[in-house]
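Following: one structure in structure tokens, then a few remarks.
By convention in this document, chain letters (A, B, ...) are assigned in the order of the sequence lines, proteins followed by strands, and residues within each chain are numbered from 1.
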Amino acid sequence: MDKPRGPWARFLARPNEDPVKALGLAGLVALASALTLSTAATALRPRQIANIEAARQLRMQAMVDALPGLRAVMEELGVTELETRLVDLATGRMLAEAQGHDPETAARDPETSIALPEEADIAGLERREAQALVHLLERDGAVMLVVLPVRGAGYQSTISALLALEPDLNTIAALTVTEQAETPGLGARIESEAWQALWPGRQIADETGAIRIDVVRGQASTPYEVDGISGATRTGNGVADMIRFWMGPWGYGPFLDRLGQEGLG
Amino acid sequence: MMRLPRPLTDPLIRANPVTLRILGICSALAVTTSLVTALTMCAALIFVLCAASGLISAIRRHIPQSIRLILQITIIATLVILIDEVLRAYAFEISQLLSIFVGLIVTNCIVLGRAESFAMHHPVWPSVLDGLGNALGYSLVLVIVATIRELFGTGQLSGLPVLPTVAGGGWFVPLGLMQLAPSAFFIIGLLIWAIRAARPEQAEHPDHSLISLDTKATP
């Protein structure tokens, strides 16, 4: 047999149980995997983001279509989509520039987000963006519809949804789940039209202002309750906690209070 | 050679990974509610299994025994993440339906099983064929189960109406059970029964049998 020449041939000629070869091969496989995946992820990222954005737009359109009479109002006003505003969540003030704001990136960056205290973090988010996007439909200076993006921890994934509120800012006009990876066939049914159809007309807070909305086991009996999906209790709880969080003082609470008192201003 | 190579044809029915070895059952339950998701899952598995078997076979002489499982899983996981990323870029809606199950191909025993028992000891080309054969065997079962479940569960096939449902003014009442996971168990069970009835040598011997206490107690 020829004597192996060069460092590569010498490396390959080592016995397989040699620690240098074991470590070296593990390193090479890991390196090749890492290079393949980072290349693929980087190359495919723009397409994936475009897909997610297109799906979000479609759901928003579908949500607008599902609300009775809303299309007609929009046509009358001559608009095709809702107006998007940037809101400072702590003060509830609307800010001027809404272009190019990405809530999910903002929520990860310590400079554009806040850490949530454990007792307030019922939606399991850990951090929340300082500024969020809201979608509005106004007519003669009065709010017709508010659509709030919400998200929270479900049973095994982060659930994202759009919550639409009627002008009283307490009655749910619609709930559309935009992203989830819950158990297929069980928790994933929160994305079904049948379940989302249970939400319109539900009330979020009672007369005292206490947030009461909940997903319950079995039959809902009050205006604050929605039937849960059997076999998906924790997903249902996740959705309820998510809405309670975003409607509360750490979520859109200050914005909704301000909107209720001062209007669009 | 006129006949197709054995590594390719054997796992289709005779040594089918699902019905003979009862592997890959988890995903077979989860993704077979409709034909489209099942076909996408099959395509993903065919890619992963062929590529994993080929790659592992190519470096098989240099894989140290002590870390072989780690290397195999690393290669398989890389391929799975790759196909998941591609699906999310080019087949977004289906990837949403399949959710975690593409990722779970990593834990699909068929892939690691073929790597460990075949690709580690055979050259590249037979290993790729063996991977393809096993993936096709798995796909065959998935397609059969998905066809039955979608047709009788919703009256449709790949989303196209076949049986006119009552809700749409026809006569067919969809069987809700078909859309639930247990029905996949029933159908796979019936398939296994049919194959083992036709090939009695596949029937398993009972692991345990009852012994009468009386005969044992008598000295």
Side-chain angles (χ1 to χ4, degrees), chain A residues 8-9 11-56 58-59 155-157 177-189 191-192 230-231, chain B residues 26-27 29-34 37 41 51-52 55-56 58-104 149 153 176 179-184:
Chain A
W8 176 245
F11 171 71
L12 286 185
R14 279 172 181 270
N16 276 353
E17 295 317 306
D18 181 86
V20 173
K21 181 154 183 185
L23 277 177
L25 205 71
L28 284 175
V29 170
L31 185 69
S33 300
L35 280 178
T36 314
L37 289 184
S38 40
T39 312
T42 316
L44 295 171
R45 189 85 191 128
R47 263 196 97 92
Q48 292 172 350
I49 292 177
N51 282 336
I52 292 170
E53 184 55 26
R56 202 186 62 78
L58 268 180
R59 286 201 191 86
Y155 171 49
Q156 58 185 27
S157 67
V177 175
T178 51
E179 231 184 308
Q180 56 88 16
E182 297 294 287
T183 321
L186 294 171
R189 280 161 58 198
E191 227 177 322
S192 72
S230 50
Chain B
C26 165
S27 54
L29 301 184
V31 302
T32 50
T33 47
S34 76
T37 52
M41 185 69 179
L55 285 172
I56 289 165
I59 60 167
R60 70 188 184 283
R61 287 189 213 286
H62 300 289
I63 294 180
Q65 278 296 308
S66 49
I67 58 165
R68 68 177 199 288
L69 284 176
I70 302 175
L71 289 187
Q72 289 165 2
I73 283 290
T74 308
I75 292 172
I76 295 167
T78 305
L79 294 165
V80 168
I81 299 171
L82 188 65
I83 191 82
D84 197 27
E85 294 280 328
V86 170
L87 282 179
R88 269 192 275 161
Y90 292 96
F92 182 70
E93 284 182 11
I94 294 173
S95 79
Q96 294 291 97
L97 289 176
L98 287 171
S99 61
I100 53 168
F101 288 97
V102 171
L104 282 181
R149 286 183 71 184
Q179 286 291 296
L180 300 177
S183 72

Among B:Ile75, B:Ile70, B:Thr74, B:Ile63, which residue has the highest count of heavy-atom pairs closer than 4.5 Å to chain A? B:Ile63

Which residue pairs satisfy the side chain to side chain donor-acceptor pair (under 3.5 Å) criterion with at least one member in residues 34-50 of chain A, sequence neighbours excluded? A:Gln48-B:Glu85

Does B:Arg61 offer a backbone N or O that forms a donor-acceptor pair with the side chain of A:Asn16 under 3.5 Å? yes

Separation between CD1 (A:Ile52) and CZ (B:Phe92), nearest 0.5 Å, reads 5.0 Å

So, taking the atom named OG in A:Ser33 and the one named CG in B:Leu79, what distance separates them when rounded to the nearest 0.5 Å? 8.0 Å

Under 4.5 Å from any heavy atom of chain B - which part of A:Glu191: neither

Where does B:Leu82 contact chain A at under 4.5 Å (heavy atoms): side chain, backbone, both or neither? both

Contact origin within A:Leu186 toward chain B - heavy atom pairs under 4.5 Å: neither

If we define contacts as heavy-atom pairs under 4.5 Å, which of B:Ser66, B:Pro64, B:Ala181 has the most with chain A? B:Pro64

Verify, without hydrogens or angle tests, whether B:Gln65 (side chain) and A:Glu17 (backbone) share a donor-acceptor contact under 3.5 angstrom. no

Do the non-hydrogen side-chain atoms of A:Leu12 and B:His62 ever get within less than 4.5 Å of each other? yes

Considering only heavy atoms, which portion of B:Val86 lies under 4.5 Å from any heavy atom of chain A: side chain, backbone, both, or neither? both

